[in-house]
Amino acid sequence: MIIITGSTPNGDGELPAPSSEDDERHLAEYGERNGTVVMMEQEEEEHEGTSLELSPVEHGVGGDEMESDTGSSGDGPKPELSNGGCQLDVVEQLASDDEDLLLLDGGTSSSSGRYGHRKSSLALTPEEEPLDSCPRLVSDLKFPNLLPPNPVIKILIAFCKNDPVFEALGNASHRLNLEPTFVKSAEAAIEAFQSPNAGGHHIVIVDARYPRTIEAEALGRSIRNSKGSQHTTMVAVVKKSVFEKDDTAVISLLDVGYNRCIIESPHVSICSSELRQIQHSLVRPQNVISTQQALYTALHRSREAVIITDDTLRAQYANRASERVLNMKMDEIVGRSLNDLVTADISNILSHTSRYKDYDGYLTTRRKSQESSQIHVRAVPVSCIGRNPTHLVLILESSSSALVSSNAIGEALQTLPQGKEVPRGSLHSIRRGSFDVRSIASDGLRRTSLAKLSSLPLEAPITKVLSLLAQVQENCSQDESKLLDRVMEFLKREGLYSPQMKEIRTEDPVATDLIGALLTQGPTNILSSRRSSNDSIIRGGGRPSTGSIVFTKTKESSLLSDLLQTALDWDFEIFKLEDLTEKRPLVCLGLELFRRFDVYNTFNCDEMTFKLWLIEMEKYYHSENTYHNSTHAADVMQATAVYLQQLSNRELKIMDRMDEATALIAAATHDIDHPGRSSAFLCNSDNMLALLYNDICVLESHHAATTFRLTLADDKINIFKHLDRDMYKLARSIIVDMILATEMTRHFEHLAKFVSVFGTDVESKDPLPPDNDDNQILVRRMLIKCADVSNPTRPLKFCVEWARRIAEEYFMQTDEEKRKNLPIVMPMFDRTTCSISKSQIGFIEYIIHDMMDAWNSFIEMPEIIRYMEFNYSQWKLFEEQGINTLSDIKRKQISLTEETASSISLEEKF
Ligand SMILES: Nc1ncnc2c1ncn2[C@@H]1O[C@@H]2COP(=O)(O)O[C@H]2[C@H]1O
């Protein structure tokens, strides 16, 4: 909503067409001197758009109706008001749209003024209205909200003598209820006029009869050069003889800025009628003009693009928003024919507007950048002189912003009580966004929230896409348009990248079980027997002792250091490390990797703090878990390090030092305090973590939260303690995001986003845009995901061992579910019946293959694909050979170890 409050009487209201830079200053100056333009939200019934319901001719105050209606008021300043009517139409039109616009006659400059507290002329009863006040025109009554200022008229009278002429003027001004100030010299006149408190006179009357005492021409010049004299009416009193004999003196007075010269008269009645004429013919129109300038400012700052053309459709005015819509500067727009600005059948517009009808339709802009865009336009005809439209007011709205409002509105409406049927989704409702708002949101509260929404400076990329598609739809066949409708429906859905679980194309129930369990979250929908257990499965016992690890100079320690030499090899012996460190591999490997990636310097933190931190983190991994223990964390950390190394070798400037450090930290803690049971199990058993995280991303939220809770709890292990606040926040956000990315229910979403940006084809890949935050996030997520499930891409013996471990953990979960009569999340993972080979075939086919393919094409590590393919073929072979159960797998592991011992490398088997 826009309210323009009453102006100071003779403010310097003339606003030059403001340039964007000048605009703030202009507005500030304007607000100071001429009243205030206030833009605000308003929760009131929409204006009924009085002026729009009337024929445009009725707005031309100079029309016949005016004469007949006004009666005694026929002496109003008609020509000037007709101009004002033109702009008022525009503003009213805007007011009927998303911004309400209201003009209040204020008289704020003089709170003691008779009209100072009147809201509008509707409040003006004959009893209230003094007989001798400036009469209201009938137009005031017709358009009560569109009053020009009608303040108490302040008059400055500069006379050196108290002669009868002076007396008569003084009496006349009292009689007309003007507010006079009397001064006796030119200096005093200037001072009074410029005085910040008393100044701001509507009329200045100067005694021009005695140039030796008051130099009227010089005084006139000084006043005209004073700020705020723009709308002041200056009157010179001259001798009768001068008027009759020598017109040069009068003309020079008019030329320096006097508006009127009147003949000296000692008669009060003559002075009164002179002053009344001046009031009607000069002062009132000046007030109207100053109001127009407030309107002009409002228009200029309106969010809707407004262009006013003359009757030949040549642009006369363009507001600032039109620069954005047309992608042209205002002075490039003004003067141009509408034909040069838009491609449209202009005759179509004219056929409406010449019949005084608004035109409502679409045009395509001819943008400077050649890229054209579709805009919605309303064209309103306005008659300023005579009956035929003399101007056309075009209100433009680019279709993308229409889409924004429509989408935002659609979303907002969903959250509001749905009293009326809301037209959603149709092309029509998108294109006519702002119109739908009014039709569907009738109450003030809704309008306010919707106005807020549509005014937000937001434009989502998807909105742009929809807008482009809407344009394409304009020029395509019906069938294509229908197809596009469907496309747009899909695009408007939530979770574009969330997979809708396709049917798993396998007959194999083990794979179905596994993939289904990994990709769904929350409580299992399987018909359950009783849900009995409230037991926490976060077990307290079984953790290694809290003491720090001391590696003595033994054979083990030298084996260890030899092993750590290979810390960045893809065939790193993780299980050997597990043995050597007595199931605490994370500390050793972590320190080695932190050192190699210079993490201590990046975090400006000593190695000891990192060591204590690693010890604490490892302590919270459950060593009794067969899979989700600290060896898995070390394995993921090692894979992460290899990927980071590869990225830096390839000089893909994606990961800086901080990215590398945070990635390693996230990998180290990504499964901390894992209970060895899935999130679904926790939900099904009403575990406290599921309750805490509302069944959403339960385990990963717990891992991230635990990491920070433990780290920040003790300064001795707080590896973040020397980061400044911003760096800490950055590190935290990366670590949290990476840990959450390991949640498998969003696996396909992350993969699809990554592929959509980076593709899967090594050859045709464009280099990564280096400083694109969004892309960096995609890479980081993909990196930790690939590290987390890298086990099928490792050498076979590791791959088999991991498969055995995860299967064992699944079996334990099924055992517990059976024991506790809980829903069984993966019924096929029953130790007595399960085929591990089949589960691995399914896991590689559905989860691993595409992801590793995409990752390899990005990072260029062909060995991961070779191992994956080899392992896959081996699982197929195992399956054929009936190697399915855990004991079968164990036997196979032994033979694999022997093969390795006899130096048959896997490479040789490819
Ligand atoms: N070899 C594998 N076979 C089956 N499932 C696996 C295998 N490796 C990892 N997973 C699953 O993939 C999941 C990845 O996230 P989590 O580490 O939480 O839990 C992991 C296991 O549930």
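First listed ligand is number 1; within each ligand, the first listed atom is number 1. Any value given below was found using the heavy atoms of this structure, including those in side chains, with hydrogens, waters and symmetry copies removed.
Counting heavy atoms closer than 4.0 Å to ligand 1, residue Asn791 contributes side-chain atoms (C-beta onward) but none from N, CA, C or O. With a 4.0 Å heavy-atom cut-off, ligand 1 is reached by the side chain of Tyr627 but not by its N, CA, C or O. Residue contacts with ligand 1, taken as heavy atom pairs separated by less than 4.0 Å, do not involve Ile847 at all. At a 4.0 Å heavy-atom cut-off, ligand 1 touches Tyr810 through the side chain alone.
The ligand atoms of ligand 1 that sit less than 4.0 angstrom from a heavy atom of Met744 are 13 (C), 14 (C), 15 (O). The distance from ligand 1 to the heavy atoms of Gln840 drops below 4.0 Å at these ligand atoms: 1 (N), 2 (C), 3 (N), 4 (C). Below 4.0 Å from some heavy atom of Asp671 lie the following atoms of ligand 1, by number and element: 17 (O). Interface atoms of ligand 1 facing Val789, defined by a heavy-atom separation under 4.0 Å, are 9 (C), 12 (O), 14 (C).
Electrostatic pairing of Glu573 and Lys797 counts as a salt bridge here, judged by a charged N lying under 4.0 Å from a carboxylate O. Ion pair Glu863/Arg866 not flagged as a salt bridge, since none of the NZ, NE, NH1 or NH2 atoms sits closer than 4.0 Å to an Asp/Glu carboxylate oxygen.
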| task | List the steps and the verdict of salt bridge (charged side-chain N to carboxylate O under 4.0 Å, His left out) for Glu879 and Lys876. | result | CA-CA 5 Å; Glu879 194 208 350; Lys876 284 269 188 194; 5.2 Å; no
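Counting heavy-atom neighbours within 6.0 Å of Gln881 CD, excluding the residue itself, gives a total above 12.
Atom 15 (O) of ligand 1 has Asp788 OD2, 3.3 Å as its closest protein atom, hydrogens excluded (heavy atom only). The nearest heavy-atom contact from the protein to atom 10 (N) of ligand 1 is Phe843 CZ, 3.5 Å. In terms of protein heavy-atom proximity, atom 20 (C) of ligand 1 is closest to His628 NE2, 3.9 Å.
Ligand 1 has no N or O atom lying under 3.5 Å from any N or O atom of His674, backbone or side chain.
A perpendicular orientation is assigned to the rings of Trp802 and Tyr627, their planes being inclined by more than 60° (bins at 30° and 60°).
Partners of Cys799 according to the side-chain contact (heavy atoms from CB on, under 4.5 Å) rule, which considers only residues two or more places apart in sequence or in another chain, are Asn871, Trp875. With sequence neighbours left out, His670 forms a side chain to side chain donor-acceptor pair (under 3.5 Å) with His632, Asp788.
Cation-pi geometry between Arg732 and Phe720 is not met at under 6.0 angstrom from the ring centre and within 45 degrees of the axis.
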